[in-house]
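Accompanying notes for the structure given below.
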Amino acid sequence: MRIVHAVALALPLLAGGCLSTAASVVKAPFQVAGKAVDWTTTSQEEADRNYGRKMRKAEAREGRERREYEKRCRRNPDDCGEYQGYRAEDARRG
């Protein structure tokens with residue numbers, strides 16, 4: 001009887017490492033699934049950052065094209081009409 005009590009008392013100490021390993025194995029699929037969801041979804045902050053980057057690039061492109069247009073107009077004012085080039089507001093729509 002004493003042997004059974006001794007084994008019962010020592011069991012948690014002997015199996016402690018095994019229990020934490022078992023817990024890690026059980027949690028692993030859920031942690032992997034959580035990471036996969038994080039990688040595949042876009043947060044609102046990330047979407048806003050990406051939109052801001054897109055608009056800055058569009059505005060920079062429009063600025064370059066308008067400067068080139070104005071430069072051509074200064075050289076040859078007779079061929080100059082209304083600006084028909086790229087507009088950053090077009091990037092907002094699509």
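Since the model is a prediction, treat every value here as computed from it, not as a measurement.
- How far CZ of R87 is from CZ of R61: 12.5 Å, rounded to the nearest 0.5 Å.
- Enclosure of atom CD in E45 is not indicated, since only 12 or fewer non-hydrogen atoms of other residues, nucleotides or ligands lie within 6.0 angstrom.
- Checked by atom type and distance alone, the side chain of E59 never pairs as donor or acceptor with a backbone atom of A88 at under 3.5 Å.
- Listed by chain and number, the residues in a salt bridge (charged side-chain N to carboxylate O under 4.0 Å, His left out) with E68 amount to none (sequence neighbours excluded).
- Looking at E62 and R66, a side-chain N of the basic residue comes within less than 4.0 Å of a carboxylate O on the acidic one, giving a salt bridge.
- Here the CZ-NZ distance, from R74 to K71, works out to 8.0 Å after rounding to the nearest 0.5 Å.
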Under 3.5 Å, which donor-acceptor pairs link side chains of residues 78-85 to any protein atom two or more places apart or in another chain?
residue, atom, partner, partner atom, Å
D79, OD2, N76, ND2, 2.7
Y83, OH, Y86, N, 3.2
Y83, OH, Y86, O, 2.9

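- Taken to the nearest 0.5 Å, the CD atom of E89 stands 9.0 Å off from the CE atom of M55.
- With hydrogens and angles left out, the side-chain atoms of N50 and E46 include no donor and acceptor closer than 3.5 Å.
- To the nearest 0.5 Å, the span separating OH on Y69 from CZ on R72 amounts to 8.5 Å.
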